[in-house]
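Quick caveat: nothing in here was measured; it's all calculated off a predicted structure.
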Amino acid sequence: MRAARLISVVLLLQSRGSMTAAELAGELEVSERTVYRDMLALAEAGIPVYADQGRHGGYRLVGGFRTRLTGITKDEAEALFLAGLDGPADQMGLADVVASTRLKLLAALPEPLREAPGRTSRRFHLDIPGWWTDAEPPPLLIELARAVWADREIEIVYRENARTVRPYGLVLKGGVWYLVATVRERFRTYRVNRITSLRETGAVFTRDESFDLAGMWAESSARFVASMFRDEITVRLGPDAMRSLRRVAEPPAVERARAAAGEPDGQGWVVTVLPVENLDVAFDQLLRLGPEAEVLEPPELRARLKDSAERLAALYQR
């Protein structure tokens with residue numbers, strides 16, 4: 001433990017140039033007294049570290065000294081691809097590994113480039129969770145991540161049903177974690193916060209190296225969206241409604257409606273077919289479009305909107 005901390009001290013000084021004992025203590029989460037002892041140990045080991053006195057003082061390495069202790073471990077190399085995703089890395093229990101990786105990368109960068117990570121973080125930030133999503137990670141996420149890393153077969157209880165799965169990957173979508181796993185050689189997707197228990201079976205499975213997590217997720221997402229649209233309605237839309245359609249309907253439905261639109265009439269209105277999840281959802285969507293949308297088919301939806309419009313008009317005529 002101390003050896004790793006001493007290496008971290010050298011890498012910190014190498015990447016930042018100068019740090020006070022208080023700054024080092026805060027970075028390493030130790031006391032300043034421990035930092036003083038570590039500095040003595042480094043000096044005794046032949047590391048050219050010295051202390052500047054005064055207001056702008058601090059510990060430094062003799063100019064030009066560079067350690068070669070920047071080799072990245074297997075865990076750190078894997079964590080490198082999570083380096084821009086602090087929240088997800090922390091939720092999966094990889095915050096320390098990611099921090100270590102960044103430190104080694106900073107130490108390996110030449111002097112003119114060391115400010116690049118700081119410049120980037122001050123200008124760009126990726127906020128993964130949705131606005132109304134609970135920021136707390138699912139209770140079993142860390143255990144799932146470990147099983148995914150190690151290709152360990154697990155038994156989970158999902159919606160009160162137990163099943164043995166081979167965990168292939170984890171996906172974060174809209175602030176929600178999903179587990180992609182195989183059950184009897186078929187891929188399934190499970191929402192992690194609905195997994196109530198997890199137990200490793202002790203078996204290690206052989207991963208299909210041709211498996212493409214991103215590709216599989218894109219395909220399953222497309223199938224899911226397509227399966228949502230169980231009905232179609234024929235509508236007549238004004239120019240404003242065509243522009244506003246993207247705010248009330250899913251992108252695939254909007255694309256299909258625009259592709260199916262006929263030629264506009266003299267006022268710019270078009271007749272088209274809009275895929276919808278069901279008629280209740282369609283009712284809400286068309287209410288949001290207001291008088292710029294007219295339902296032609298099916299008749300029951302047209303009648304429902306007509307009744308709603310009449311009641312709304314009566315309300316405002318009082």
Can you tell me which residue pairs pass the salt bridge (Lys or Arg N to Asp or Glu O under 4.0 Å) test with a partner in residues 189-203, sequence neighbours excluded?
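Listed once each, the pairs are R152-E200, E155-R199.
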
I'd like to check [X] versus [Y] (side-chain heavy atoms, cut-off strictly below 4.5 Å). Are they in contact?
{"X": "L144", "Y": "L198", "value": "yes"}
{"X": "T189", "Y": "M216", "value": "yes"}
{"X": "W269", "Y": "L237", "value": "no"}
{"X": "T201", "Y": "I154", "value": "no"}
{"X": "L213", "Y": "V180", "value": "yes"}
{"X": "V276", "Y": "Q285", "value": "yes"}
{"X": "P239", "Y": "E292", "value": "yes"}
{"X": "I156", "Y": "R163", "value": "yes"}

Sequence-distant partners of [X], salt bridge (charged side-chain N to carboxylate O under 4.0 Å, His left out), two or more places apart:
{"X": "D151", "answer": "R207"}
{"X": "D208", "answer": "none"}
{"X": "E219", "answer": "none"}

Using modelled atom types only, decide if a donor and an acceptor are shared between the side chain of S31 and the backbone of T34 within a distance under 3.5 Å.
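Here the side-chain-to-backbone pair exists.
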
Can you name the side chain to side chain contact (heavy atoms under 4.5 Å, CB included) partners of [X], sequence neighbours left out?
{"X": "V273", "answer": "E232, T234"}
{"X": "P264", "answer": "V270"}
{"X": "T196", "answer": "V157"}
{"X": "R184", "answer": "none"}

If you group Ile, Leu, Val, Met, Phe, Trp and Tyr by side-chain heavy-atom gaps below 4.5 Å, do [X] and [Y] land in one group?
{"X": "L28", "Y": "M39", "value": "yes"}
{"X": "V192", "Y": "V183", "value": "yes"}
{"X": "V30", "Y": "L24", "value": "yes"}
{"X": "L274", "Y": "F229", "value": "no"}

Quick one: side chain to side chain donor-acceptor pair (under 3.5 Å) pairs with a partner in residues 242-254, sequence neighbours left out?
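For residues 242-254: D240-R243, S244-R247.
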
Take Y59 and L13 through the test side chain to side chain contact (heavy atoms under 4.5 Å, CB included) and record every step on the way to the result.
CA-CA 7 Å; Y59 288 103; L13 294 178; 4.2 Å; yes

Identify the heavy atoms of [X] and [Y] that sit nearest to each other, and give their distance.
{"X": "S18", "Y": "E23", "value": "O-OE1, 4.3 Å"}
{"X": "D231", "Y": "E277", "value": "OD2-O, 4.2 Å"}
{"X": "P167", "Y": "E153", "value": "CD-CA, 4.3 Å"}
{"X": "I233", "Y": "A282", "value": "CD1-CB, 4.1 Å"}
{"X": "A241", "Y": "L289", "value": "O-CD2, 4.0 Å"}

Given V281, L279, L287, L286, the one that forms side chain to side chain contact (heavy atoms under 4.5 Å, CB included) with F283
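With F283 as partner, V281, L279, L287, L286 yield a single side chain to side chain contact (heavy atoms under 4.5 Å, CB included), made by L287.
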
List, by chain and then residue number, the residues other than Y316 in its hydrophobic cluster (Ile/Leu/Val/Met/Phe/Trp/Tyr, side-chain heavy atoms under 4.5 Å); write none if there are no others.
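Answer for Y316: L312, L315.
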
Derivation and outcome, side chain to side chain contact (heavy atoms under 4.5 Å, CB included), residues R236 and T272
CA-CA 6 Å; R236 182 170 169 264; T272 188; over 6 Å; no

Pair listing, ring-ring contact (aromatic ring centres under 6.0 Å, His included) test, anchored in residues 187-221, at least two apart
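Those involving residues 187-221 are Y158-Y190, Y168-F187, Y168-F205, Y168-F211, Y178-W217, F187-F211.
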
Run the side chain to side chain contact (heavy atoms under 4.5 Å, CB included) check on L179 and V148 step by step: do they pass?
CA-CA 9 Å; L179 170 69; V148 168; 4.3 Å; yes

Considering only distance and modelled atom types, tabulate donor-acceptor pairs under 3.5 Å from the side chains of residues 297-308, sequence neighbours left out.
residue: R302; atom: NH1; partner: E294; partner atom: OE2; Å: 3.0
residue: R302; atom: NH1; partner: V295; partner atom: O; Å: 2.6
residue: R302; atom: NH2; partner: E294; partner atom: OE2; Å: 3.4
residue: R304; atom: NH1; partner: D280; partner atom: OD1; Å: 2.8
residue: K306; atom: NZ; partner: E310; partner atom: OE2; Å: 2.6
residue: D307; atom: OD2; partner: R311; partner atom: NE; Å: 3.1

